[in-house]
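Notes follow once the structure below has been shown.
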Amino acid sequence: MAAQTLQLRPLGNTGLNLSSVGFGASPLGKVFGDVSEQDAFAAVREAFRLGVNFFDTSPYYGGTLSEKVLGKALKALGAPRDEYIVSTKCGRYKEGFDFSAERVTKSIDESLERLQLDYVDILQCHDIEFGSLDQIVNETLPALQKLKQAGKIRFIGITGLPLGIFTYVLDRVPPGTVDVILSYCHYSINDSTLEDLLPYLKSKGVGVISASPLAMGLLTEAGAPEWHPASSELKAACRAAVDHCKGKGKNISKLALQYSLANTDISSVLVGMKSVKEVEENIAAALELATAGMDEETLSEITDILKPVKNQSWPSGIQQS
Ligand code: NAD
């Protein structure tokens with residue numbers, strides 16, 4: 001029998017094929033607690049070895065630390081550059097938001113230096129609901145197009161929390177301007193609202209990356225970090241779901257990741273990882289989904305526990321679209 005490998009899925013019209021599990025590198029910026037460089041390198045190495053080809057970071061994560069650590073870790077792989085796909089972002093920084101053409105044009109050079117790369121595969125405008133969406137359409141995306149022509153980036157994306165930002169922008173730019181969207185916390189067991197947008201995105205040929213399948217820690221035994229923006233009601237419901245699984249000897253994170261992976265219209269599910277143990281657990285969960293399916297009984301029990309808070313989100317940005 002052939003060895004099982006992580007599934008590759010096409011990303012919209014880009015021609016890229018992303019591993020179904022993507023490596024979210026925000027934890028490498030220590031946003032979910034301390035991580036040694038050694039653990040970070042080992043996690044990236046193990047992920048690559050097990051078939052993960054997609055790595056996502058941002059200058060914002062850990063105030064540029066995530067980019068620096070990821071850059072070193074990728075270099076240490078010694079792998080040909082076309083064997084891994086790197087996405088970073090622009091417009092959101094420790095100092096605040098700036099989606100001006102001038103800033104994002106400078107930003108990519110800074111990111112490439114930190115990542116020790118000549119180009120990134122995807123550059124995304126980071127959390128655009130904190131800026132003017134009309135500026136994104138009229139100024140930021142045209143600036144990114146120039147970076148594409150200059151060969152510094154291959155594809156262009158936009159990210160953020162409120163789903164309305166994606167239709168707002170995509171309805172106002174020529175086809176092919178935005179290659180990919182990255183949505184987060186909207187395709188987990190507790191919130192699956194991204195599903196409604198998938199046919200629209202498909203019709204536009206836009207690739208879909210869904211991040212935070214563990215709801216940024218809510219669906220983990222360790223729980224959410226201090227800064228997590230969920231309401232106390234949502235946090236309590238997720239804690240109850242975690243405890244229920246624990247009581248049954250089940251791992252809620254495994255189930256949560258499998259839930260996101262089960263929708264193949266999502267090209268890659270980005271999960272934040274900071275140790276070899278998490279990498280191995282998450283890849284094993286993906287492979288098991290492909291062969292044995294999901295634990296439907298436990299999923300249905302958790303779904304019931306989370307019903308009162310289903311699709312509850314939190315405000316994000318200076319405007320709600
Ligand atoms: P997540 O839901 O992936 O949760 C990450 C947390 O879960 C971390 O604490 C991690 O250590 C832990 N974890 C991972 N695997 C685990 C396992 N098997 N068991 C127990 N705990 C486990 O949230 P995230 O990291 O915020 O999202 C994933 C990635 O998506 C980010 O790293 C980032 O790259 C990207 N992202 C982008 C945006 C944006 O562009 N606006 C927003 C959120 C996330």
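Numbers for residues simply follow the sequence, beginning at 1. Counting starts at 1 for both ligands and their atoms, in listed order.
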Review point. Taking the six-membered ring of F97 as reference, does the NZ or CZ atom of R92 fall below 6.0 Å from its centre and within a 45° cone about the axis?
Key: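 Verdict for F97: no cation-pi partner in R92.
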
Exercise for review: Please confirm whether R103 makes a cation-pi placement over Y93, using NZ or CZ under 6.0 Å from the six-membered ring centre and within 45° of the ring normal.
Suggested key: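 Verdict for Y93: a cation-pi partner in R103.
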
Review point. Under 3.5 Å, is there a donor-acceptor pair between the side chain of K72 and the main chain of E67?
Key: no

Review point. Should we say atom CG of D171 is surrounded by more than 12 heavy atoms from elsewhere, each under 6.0 Å from it?
Key: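 More than 12 heavy atoms, drawn from other residues, nucleotides or ligands, come within 6.0 Å of this atom.
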
Exercise for review: Specify the closest pair of heavy atoms between G22 and M273, including all atoms of both residues, with the distance to one decimal.
Suggested key: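 In terms of heavy atoms, the two residues are closest at O-CE, 3.9 Å.
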
Review point. Residues in side chain to side chain contact (heavy atoms under 4.5 Å, CB included) with K202, at least two apart?
Key: D265

Check your understanding: Protein residues near ligand 1, heavy-atom distance below 4.0 Å?
Key ->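 Its neighbours under 4.0 Å (heavy atoms only) are G24, A25, S26, P27, F32, D56, Y61, K89, H126, D127, T159, L182, Y184, A211, S212, P213, L214, A215, M216, G217, T220, S253, L270, V271, G272, K274, E278, E281, N282, given by chain and number.
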
